[in-house]
Amino acid sequence: MLMKQYLLKETIPLVKKSFQIDYEKELNPAQLEAATILDGPVLVIAGAGSGKTRTLVYRVARLVESGVPPENILLLTFTRKAAQEMLRRASMMIDDRCERVHGGTFHAVANSLLRRYAPLIGYSSAFTILDRSDAEDIINLLRTQMGLSEKSRRFPRKNTIAEIFSKSVNKMEPISHIMEQEYFHFYEELQELLGLQELYKKYKEQNQLMDYDDLLVNFRTILENHPDVRAEISRKFRFLMVDEYQDTNRLQSEIIQFIASEHNNVMVVGDDSQSIYSFRGANFRNIMDFPKRFSGTRIITLEENYRSTQPILDLTNEIIINAKEKYTKHLFTKKTKGALPILIAAENENYQSRFICQKVLEIREEGVPLDEIAILCRAAFHTFDLEIELARRNIPYVKFGGFKFIETAHVKDVLAHLRLLINPRDAISWHRVLMLIGKIGPRTSHNIIEWIIKNRKEPEDLTSYPEKAKFTEGIRQLHELLTTLTRKGLTIPDQINLTCRYYEPILKNKYDDYPKRLKDLEHLQNITARYSTLEHFLSDLALEPPNESVAGVAAPDSDDERLVLSTIHSAKGLEWNTVFIIWALEGKFPSSYAFNSEEEMEEERRLMYVAATRAKENLFITYPVNIYDRVSGKVFSKPSRFVREIPSELFENWALTEELDYSY
DNA sequence: CTTTCAGACCTTTTT
DNA sequence: GGTCTGAAAG
């Protein structure tokens, strides 16, 4: 018999480096020191734009090059994207061994280890991760059951409750303490809240659910109570690196200590001036406590800025110099020449939007691509007017931060059906799915769910629900969908597709803007294509939802350059040639929410610092004047205090004037 | 008893 | 856009 020969090719490394990395030449002395100390605790204080990422990348490369098995390195970052990017760069320098380094967020790492060790704390390894809104839905359900939603009471709403619970966990402080500090107006409900928290905890345990905080808490508990597991994990991750350390909380810092317990090989990198997540329990004092927790810590400070021009740096230094509490660094740069930052007063919001559109196009004409220009805002909704203006002028953009497309009602609706396949006891998803059917309201939905849970029914039994009523046809269709979805051989995109077909009529009925929403659902199918199991897809989605907001997804998906709109929080660690900071108005930025607390006001300042330090060459700060604020009933007209403090010679002032229209 | 719909009110930042 | 309420309609 004649056999065809099929030749297996030799595996080629991603990039083969034929020459040695010249660490001395490619890094400055401080970076070099940080990248080449391979043992012991190290604290790197890295100013904005000082090559922090570069240093971490070189250190990973150095470790791997020196023979450390990549599996023994753990790189904890703020987002998975940051980790992937760093490991990709390290791989380019040596070879793709670096891809085998463990990298990701605390939550993602906790999740993967809990999948193995959850039985130690009475959980199954197949637990479901609740995202924030799932958690809120459960809290709401339990709150109603406890009779706490009667209208006579002023009981906090579900999102406030979730916030209180979460803060208490992340700061490792009792609820009473959190309420004294930040929610004093609800203090008389303390006992009820404690009861509700107890109930919430039980509910999660009974239904195999973990919210974001549980991932960290349970992981920490296992590390603390099981010395054998702690030692095993610590020995596995013999080299630990933590990025953005200023934004970790107490819980996370304890986890680090446990993981490092066997060897103390831990390097943390951060900048106290860029701590902007205290609302999530982060505490920049973690940085200063680090040497206390790890004796013999070496401290390295990176002070040379490679990002911005001197005029921009002069301005940002001025913003942070007025911070009440900080650990002094002095940033300097070799890029001495450059344009002064510009402060623009606009008459109203629409003038601000028009100015930005016009200026963006001008700068593009000068040769700066759109994706090198960013509009940064304090809160995602601050860009609404601008987005309309951009659309009117056909300027393509992506938006990061704020409302994520995964959180939109239609995407959640579709996903709820899929979640039932994994966990038929998921009451929250059942509720969502049932409420979509006509003639089924909260009462009927509740009855059906009770029937399912009590009688341990599977989705296939749905048609045998005893009550014959006006909604039987709807139930029959749902039943048909759910049974079809469990057929063998379906890929996840297939399942999404089938669900969408079932959901489409409902969608059209429910929303006038359904074409836009249908596009989102198509996008969802694209995302799923790379997953092999539904479980994996769903927990990934909860842990690392795509960061793009709704509008960005709906935009034409050309590969062409697009202008970037982002919240400052989502702009962490990034940089652009040109940056616009909008709404630099007292009451908006700093937000009026921060007026009552000095600590929060300090965080607003750091936010302004983070925003301004994103700019490489051009920085524009704009504010509209005479804005009526419905919340406070006041007129905001003063530019942000962080701008007013700055000596006027450090920026240019522009006023906008309307071009007169002579066409009449 | 339950669903549906209209209107009022609020909306920071995120794993 | 969401959440919550009250009142009409089924």
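Quick note on labels: first sequence line is chain A, next is B, and so on, each numbered from 1.
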Exercise for the section: Indicate whether OP1 or OP2 belonging to B:dT3 is found under 4.0 Å from a side-chain N or O atom of A:Thr444. Expected result: yes
Practice task
Check whether the aromatic ring of A:Phe106 stacks on the base of B:dT15, taking stacking as ring centres less than 5.5 Å apart and planes within 30° of each other.
Solution key: no
Handout entry: Helical stems, DNA chain B - three or more consecutive Watson-Crick or G-U wobble pairs below 3.5 Å
Key = B:1-10 with C:1-10
Problem - Among B:dT14, B:dT15, C:dC4, the one nearest A:Asn140 by side-chain distance - result: C:dC4
Problem - A:Tyr593 over B:dT12, stacked by centroid distance under 5.5 Å, angle under 30° - result: yes
Practice task
With the side chain of A:Arg443 defined as its heavy atoms from C-beta on, choose the nearest nucleotide among B:dT14, B:dT13, B:dT3.
Solution key: B:dT3
Problem - Nucleotide B:dT14, atom C1' - distance to NE2 of A:His107 in whole Å - result: 9 Å
Handout entry: N/O (side chain, A:Lys158) to phosphate O (OP1/OP2, C:dT3) under 4.0 Å
Key = yes
Fill in the blank from the handout: Out of B:dT12, B:dT14, C:dT3, minimum distance to the side chain of A:Arg157 belongs to C:dT3
Handout entry: Contact under 4.0 Å: A:Lys404 side-chain N or O vs B:dT15 OP1/OP2
Key = yes
Exercise for the section: For the side chain of A:Ala379, starting at C-beta, report the closest nucleotide among B:dT3, C:dT3, B:dT12. Expected result: B:dT12
Exercise for the section: Name the closest nucleotide to the A:Arg143 side chain, picking from C:dC4, B:dT15, B:dT12. Expected result: C:dC4
Practice task
Could you state the atom-to-atom distance from CD of A:Glu407 to P of B:dT12 in whole Å?
Solution key: 13 Å
